Q: 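To start, I am sharing the structure in question, which I have written as C-alpha cells.
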Protein chains: 2
Amino acid sequence: MPLTGEAPPLDETARAILDAASRRFLHYGYGKTTMSEIAGDCNMSTGNLYRYFPSKLDIAEAFVRRLRAEQIRLLREAVGKPGLSVQEKLRGFFKLKLSLVYERFHQRPKAYELSQEILRERPSFADEWEQAESRVLCEVLDEGQKSGELALCNPQRTARILQDIFFRFASSAVYYEGDYDVLEGELDDVMDLVWDGFQHRKHG
Amino acid sequence: MPLTGEAPPLDETARAILDAASRRFLHYGYGKTTMSEIAGDCNMSTGNLYRYFPSKLDIAEAFVRRLRAEQIRLLREAVGKPGLSVQEKLRGFFKLKLSLVYERFHQRPKAYELSQEILRERPSFADEWEQAESRVLCEVLDEGQKSGELALCNPQRTARILQDIFFRFASSAVYYEGDYDVLEGELDDVMDLVWDGFQHRKHG
DNA sequence: GGACTGAATGCTTCCTAAAGCGTTCAACGC
DNA sequence: GCGTTGAACGCTTTAGGAAGCATTCAGTCC
C-alpha cells in the first residue's frame, strides 16, 4: 500500500529505536523523553541513535507517520465497506475523521501533543496529510462518477472543497467546544446540504 | 443599533480610559501595556482605574467589543447594499469576513493578539461573537425566504450550518496557509456548492 | 574499516531570587 | 461624604546562572 509521505523501510535496529521512542512519547510526551533514555531502552549509546535517525524530531516524525498511516487505513476501510452508497461513504469518511480526531485529543493527549509539535516544526506535514486524505476522497468521488451518483467536473477540486467544508470538524478549536453529539449532528446537516448540491448538479 | 454583548454606555472618564488603553494596546500590545501607564495617560492614579473597569482584562474586553461591533457594522453594510441577490449577499458576507480576519492578522498584529488573549481568558466570547454574526445571517436568510429565493425549514439552524461550512476561512489556521486569492477562490467554490444545495431544496 | 562509544560542545530548559505589575484599601483632601 | 491617591500586598514575569540534553566526532574495539 504506497502512501506518499511514508517513511523509507526501517531496518531492525531503526524499528527497535522507533518502538522504544514511541512507547516513551505516548507515556511521557515528546518533551520529557530524552535521547539517552531511548538509547538506554535499546541498549546502545546515545550517539548511535544518530546513525538511524538524523534527529530526535525525525524519530517523532516517523512515529506520527505511523499514526497517520493507521488513520488512512481506517478511513479507507470505512469507505471500502461493500454495499454503501457514495453519500454514505462520504458521510462515513468525515464522521470517522471526527471521531478519530476527537478521541485522540481526549484519550491520547500525548499523541495529540506530538502531532502539534510536528505541525509546528514541520508545517508542510499538514499539506501532506491533507493530500493523503484527498486521495481517498477522490477515489470515492471517482466511484460516484462511474456509478452515475455524481456529476462533477473536477473530482480533485471537489475533494479540496469538501475538505474546506468539513474543516471545522477536524480543527483544534472543536476540542474545546460543544460535545460530540452536537458536532455529529451538525456534520450530518452539512453533509445533507452538500449532497443536495451534488444532486442539483447532477440533474442540471 | 442594539448589539448583544455590547458594553454598557461609558461615561466620559471610562471612555477616556478606554481610548488611552486602546492606543497602547494597538501599539505595544496587551502584555506590554501596564495599568500605571494607562493611568498616567489619563492623569489619574492607577487605583482609580478600578472604579471604572474591574480589571485590566475588562478594559481589553471593552476594546475588543469595539472592534467586533465595527466588524458587525461592516458586515451589515455589505449585506444591506441595495440590488444584491441573496446569493450575492451571502457570498459578500463570507468574503468580507475573510478579508477582515486576514487583514487583521497581517496588518494589525496587536489587535489580533488581543483578540486571542480575550478568547483564551474568556472562551464564551467566541460563542457570543458567533451569535452576533448568526443574527446578520438570519436576516439575509429570512429575506431569501420572503423573496422566494430560498426554501429553508429553519433559518437559524441554516445560519449555524453556514458558519460551520465557512469556518476554515475565518480560522487561525488560514493565516499561515495559502495566499488570499487561493482562499477566495475556494470560498467561491464552496459558496457555489452551497447555493446549488439551496436550489435543490427549493425545487424539491 | 565499519560499528559503536562517551565525552565535549553549545544550545535549550530549568530554577530561583529579584523585579515588575495588577489589585486593594486605608488614608487623605476637598 | 465622596472622589482620589499611592503604598502595601501578593501573584506573575524576568533575568541570569546552573543544569539538562540534543548533537557531534575523535577515539576505541572487533
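In this text the structure is predicted, and so the values were computed from the model without any measurement. To find a chain, count down the sequence lines: A is the first, B the second, and so on, and within it residues start at 1.
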Q: Which part of the nucleic acid, if any, lies within contact of Thr13(B), taking any heavy atom under 4.0 Å across all strands shown: a base, the sugar-phosphate backbone alone, or nothing?
A: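 Result for Thr13(B) = nothing.
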
Q: What's the closest nucleotide to the Lys56(B) side chain, out of dT5(D), dT23(C), dA22(D)?
A: dT23(C)

Q: Which whole-number value in Å describes the distance from Glu121(A) CD to dA22(D) P?
A: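 In whole Å, dA22(D) P and Glu121(A) CD are 14 Å from each other.
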
Q: Between Thr46(B) and Gly47(A), just flag the one whose closest nucleotide in DNA chain D comes earlier from the 5' side.
A: Thr46(B)

Q: dC11(D) P sits how many Å from Met35(B) CE, rounded?
A: 19 Å

Q: Could you state the atom-to-atom distance from CG of Leu57(B) to C1' of dT23(C) in whole Å?
A: 14 Å

Q: Within the 4.0 Å heavy-atom criterion, would you say Tyr30(A) contacts the bases, only the backbone, or no part of the nucleic acid?
A: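 The answer is nothing, as Tyr30(A) stays clear of every strand by at least 4.0 Å.
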
Q: Give one of base, sugar-phosphate or nothing for Tyr52(A), where a contact means two heavy atoms less than 4.0 Å apart.
A: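 Tyr52(A): backbone/sugar contact only, no base atoms under 4.0 Å.
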
Q: Using side-chain heavy atoms (C-beta onward) and a distance below 4.5 Å, is Leu137(A) in contact with Leu90(A)?
A: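 In contact.
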
Q: Mind checking Ser55(B) for me? I need base, sugar-phosphate or nothing, with any heavy atom below 4.0 Å counting as a touch.
A: sugar-phosphate

Q: Once you round it to whole Å, what is the distance between P of dG20(D) and CD of Glu37(A)?
A: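 Whole-Å distance recorded here is 13 Å.
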
Q: Flag the pair Tyr180(A) / Tyr102(A) as yes when their ring centroid distance falls below 6.0 Å, and as no otherwise.
A: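 Yes - the distance between ring centres of Tyr180(A) and Tyr102(A) falls below the 6.0 Å cut-off.
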
Q: Check the surroundings of atom CD in Gln156(A): do more than 12 heavy atoms from other residues, nucleotides or ligands lie under 6.0 Å from it?
A: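 12 or below, so no.
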
Q: If you assign Thr34(A) and Asn48(A) each to the DNA chain D nucleotide with the nearest heavy atom, which residue ends up on the more 5' nucleotide?
A: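 Going by which nucleotide is closer to the 5' end, it is Thr34(A).
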
Q: May I have the distance from Glu117(B) (atom CD) to dG22(C) (atom P), rounded to whole angstrom?
A: 12 Å

Q: Please state how far atom OH in Tyr50(B) lies from atom P in dT24(C), giving the value in whole angstrom units.
A: 7 Å

Q: Which of these, Lys97(A), Arg135(A), Arg160(A), sits in a salt bridge (charged side-chain N to carboxylate O under 4.0 Å, His left out) with Glu130(A)?
A: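 The single option meeting the salt bridge (charged side-chain N to carboxylate O under 4.0 Å, His left out) with Glu130(A) is Arg160(A).
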
Q: Roughly how many Å is it from CZ in Arg51(A) to C1' in dT5(C), rounded to a whole number?
A: 11 Å

Q: Out of dA22(D), dT5(D), dG6(C), which nucleotide sits closest to the side chain of Ser45(B)?
A: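 Selected nucleotide (nearest to the side chain): dT5(D).
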
Q: Treating Lys89(B) as the side-chain partner and Val79(B) as the backbone partner, does any N or O pair qualify as donor plus acceptor under 3.5 Å?
A: yes

Q: From NZ of Lys32(A) over to C1' of dA22(D), roughly how many Å is that when rounded to an integer?
A: 16 Å

